[in-house]
Participant: 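Below you'll find the structure I mean.
Side chains are part of it too, since the values below use all heavy atoms of this structure and drop only hydrogens, waters and symmetry mates. Here is how names work: the chains are called A, B, and so on, in the same order as the sequence lines, proteins then strands, and each is numbered from 1.
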Number of protein chains: 2
Amino acid sequence: MTKNTTKAGKRDKLVEAAVALAYRQGYRKTTLADIAEESGVPLGNVYYYFKTKDAIGDAILEVRESQWAALRDRLAALPGPRERLTDYVDMTIRNASNVATYGCPMGSLSAELLKGGGDLATRSNALFAGPIDYMAEQFRALGHAAEAEDLALHLQSALQGASLMAQSFRDPDVLKREGDRLKVWIAGL
Amino acid sequence: MTKNTTKAGKRDKLVEAAVALAYRQGYRKTTLADIAEESGVPLGNVYYYFKTKDAIGDAILEVRESQWAALRDRLAALPGPRERLTDYVDMTIRNASNVATYGCPMGSLSAELLKGGGDLATRSNALFAGPIDYMAEQFRALGHAAEAEDLALHLQSALQGASLMAQSFRDPDVLKREGDRLKVWIAGL
DNA sequence: GTCTATACGGCGATAGAC
DNA sequence: GTCTATCGCCGTATAGAC
């Protein structure tokens with residue numbers, strides 16, 4: 001148990017550094033030396049925890065997925081589906097400043113991995129699949145069973161587009177405006 | 001003149017290859033050797049036309065901008081603003097198959113360069129500025145002067161989000177559905 | 001202007017002492 | 001489990017003959 005805790009401690013530091021650096025400068029640009037330095041772990045020791053760089057990419061995806069799981073649990077505590085949908089939008093708006101600088105944590109990672117090809121590209125669609133499935137559930141609860149999947153896709157799509165525009169123009173307000181539009185849309189459904 | 005034509009011939013081949021490769025596999029992943037091979041130009045000779053790799057990135061941006069200029073001229077030939085807006089959406093839909101595989105030619109490039117940092121990141125927002133300005137003009141002509149910029153941003157944003165979703169799920173139909181939604185929206189304005 | 005050969009640095013990955 | 005040293009490759013860029 002002590003051994004596992006220690007091991008998880010260093011591994012976690014590495015993953016945390018990898019997530020942060022990949023978000024700020026991109027996965028491909030981030031070197032193992034960067035990750036080692038940021039996490040205070042000697043370069044050679046990284047390979048005890050991860051056999052390849054792609055294994056770190058996998059761990060990054062896991063973190064992003066677990067972050068969604070945590071958010072989903074928080075949304076579940078809200079009174080109804082409309083509140084959950086609205087809060088999902090609000091969460092993105094609250095993060096607008098980061099998004100305008102580095103892009104959407106899910107979207108920018110997904111876009112990069114998709115271009116990279118390989119196993120990580122294939123796995124990356126799980127990032128959107130989770131939220132979309134959950135949002136479709138909420139639309140169903142709102143009585144839009146037939147078009148629930150479409151509505152959920154539209155919501156995620158709109159947030160991604162707005163995030164890219166906000167990043168491109170380096171203007172958080174762009175994301176806020178599109179977010180407000182989405183909240184009006186949700187309120188009217 | 002002959003000299004210029006010859007020079008432009010090889011330069012054009014290099015740029016064409018660079019645009020295609022950067023679209024298919026990403027700018028960063030594309031090496032000068034890749035570009036040299038694809039265009040049939042020896043590696044060492046590339047540096048006669050481009051001092052650095054970033055200079056090629058610049059040329060790629062120029063190509064994308066000139067492609068927008070060509071599209072804008074074609075849209076100008078249409079009878080009215082509503083037709084221009086609708087056709088812009090249709091153009092993306094027509095390219096759905098490529099978008100689902102490689103992403104939006106503008107969006108995926110923009111996203112990658114934005115993460116890369118440096119001069120190319122700064123320059124990349126020109127990709128969206130052109131279309132958005134033009135679309136805002138069309139919305140103004142439709143009598144939405146006050147919110148024209150907002151509407152144009154929304155249109156571009158929606159297309160970008162839909163493109164990313166289509167790429168992520170490798171499904172052109174996703175883009176078609178969101179495109180249809182946008183066309184209905186335009187028709188109702 | 002063109003092309004071959006190569007320098008130079010950086011990155012992923014490994015060896016092996018401790 | 002940890003860490004230093006280093007290998008081997010690849011990518012950008014340059015030298016210099018033609």
Participant: From NZ of A:Lys13 over to P of D:dC3, roughly how many Å is that when rounded to an integer?
Facilitator: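 Checked: the NZ to P distance equals 11 Å.
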Participant: Not counting sequence neighbours, which residues clear side-chain hydrogen bond (donor to acceptor under 3.5 Å, both in side chains) with B:Asp133? List them please.
Facilitator: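 Once residues adjacent in sequence are excluded, B:Asp133 has no partner under the side-chain hydrogen bond (donor to acceptor under 3.5 Å, both in side chains) criterion.
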Participant: Who pairs with B:Gln25 by side chain to side chain contact (heavy atoms under 4.5 Å, CB included), at least two apart in sequence or on another chain?
Facilitator: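 For B:Gln25, the residues satisfying side chain to side chain contact (heavy atoms under 4.5 Å, CB included) (neighbours in sequence not counted) are B:Leu21, B:Lys29, B:Thr30, B:Asp34.
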Participant: Just the rounded figure in Å: distance from C1' of D:dA5 to CG of A:Asn45.
Facilitator: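 From A:Asn45 CG to D:dA5 C1': 14 Å.
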Participant: Whole angstroms only, please: what is the CG-C1' distance between A:Leu14 and D:dC3?
Facilitator: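 One finds 13 Å between C1' of D:dC3 and CG of A:Leu14, rounded.
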Participant: Let me have a per-nucleotide readout for nucleotides 11-18 of chain D, 5' to 3', with B, S or -, counting only protein heavy atoms under 4.0 Å.
Facilitator: SSBB----
Participant: Pick out which of B:Tyr88, B:Phe128, B:Trp68 makes a ring pair (Phe, Tyr, Trp, His ring centres under 6.0 Å) with B:Tyr134.
Facilitator: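 Testing B:Tyr134 for a ring pair (Phe, Tyr, Trp, His ring centres under 6.0 Å) against B:Tyr88, B:Phe128, B:Trp68 leaves exactly one candidate, B:Trp68.
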Participant: Taking side-chain hydrogen bond (donor to acceptor under 3.5 Å, both in side chains) as the definition, give me every residue that meets it alongside B:Glu112, ordered by chain and number, with sequence neighbours left out.
Facilitator: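 Expected list: none.
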Participant: Can you pull the side-chain hydrogen bond (donor to acceptor under 3.5 Å, both in side chains) pairs that have at least one residue in residues 55-66 of chain A, sequence neighbours excluded?
Facilitator: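 Sorted pair list: A:Asp58-A:Arg123, A:Arg64-A:Gln67, A:Glu65-A:Arg123.
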Participant: D:dG1 phosphate, OP1 or OP2: any side-chain N/O from A:Tyr48 under 4.0 angstrom?
Facilitator: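 Yes, because at least one side-chain N or O of A:Tyr48 sits under 4.0 Å from OP1 or OP2 of D:dG1.
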Participant: Could you state the CZ-P distance from A:Phe50 to D:dC3, rounded to the nearest angstrom?
Facilitator: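 In whole Å, D:dC3 P and A:Phe50 CZ are 16 Å from each other.
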Participant: Could you give all pairs that pass the salt bridge (Lys or Arg N to Asp or Glu O under 4.0 Å) test and reach residues 37-48 of chain B, with sequence neighbours left out?
Facilitator: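 Pairs touching residues 37-48 of chain B that pass the test: B:Arg24-B:Glu38.
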